[in-house]
Visitor: 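Okay, handing you the structure first.
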Amino acid sequence: MTAQPPPPPADLDPRLLEVLVCPVTRAPLFYDRARGELVSNAAKLAYPIRDGVPIMLPEEARGLDD
């Protein structure tokens, strides 16, 4: 039996997206709803969103090359 991926999170508040930036590059972030991540193309990192809370720690981010 294969584990099912969690459903995508609800949309983030657009005001939150306006103020959040990548902690590494200070560049804007793109919300990838399908994966539940905030993506920094500049840093090539994707920050997870857990229980509706963006985890903005570089050590928790997934590299986009993964």
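Quick caveat, the model's predicted, so the values are computed rather than measured.
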Visitor: Looking at every non-hydrogen atom in both residues, tell me the closest pair between Cys22 and Ala43 and how far apart they are.
Guide: SG-CB, 3.8 Å
Visitor: Sequence neighbours excluded, which residues qualify as side-chain hydrogen bond (donor to acceptor under 3.5 Å, both in side chains) partners of Asp13?
Guide: Arg15
Visitor: Any pair with a residue in residues 40-57 that passes salt bridge (Lys or Arg N to Asp or Glu O under 4.0 Å), sequence neighbours left out, goes on the list, sorted by first then second residue, please.
Guide: Arg50-Glu60
Visitor: Does the side chain of Leu38 come within less than 4.5 Å of Leu17's, by heavy atoms?
Guide: yes
Visitor: Using the rule that two of Ile, Leu, Val, Met, Phe, Trp, Tyr join whenever any of their side-chain heavy atoms come within less than 4.5 Å, decide whether Ile55 and Leu16 are in one cluster.
Guide: no
Visitor: Can you list everything that forms a side chain to side chain contact (heavy atoms under 4.5 Å, CB included) with Pro58? Sequence neighbours excluded, please.
Guide: Pro23, Val24
Visitor: Once side-chain hydrogen bond (donor to acceptor under 3.5 Å, both in side chains) is applied, do any residues pair with Arg26, and if so which ones, sequence neighbours excluded?
Guide: none
Visitor: Do the side chains of Val21 and Ser40 get nearer than 4.5 Å, heavy atoms only?
Guide: no
Visitor: If you look at every heavy atom in Gly63 and Leu45, which pair is closest and at what distance?
Guide: CA-CD2, 4.1 Å
Visitor: Do Tyr31 and Ile49 make a side-chain contact, defined as non-hydrogen atoms from C-beta onward lying under 4.5 Å apart?
Guide: yes
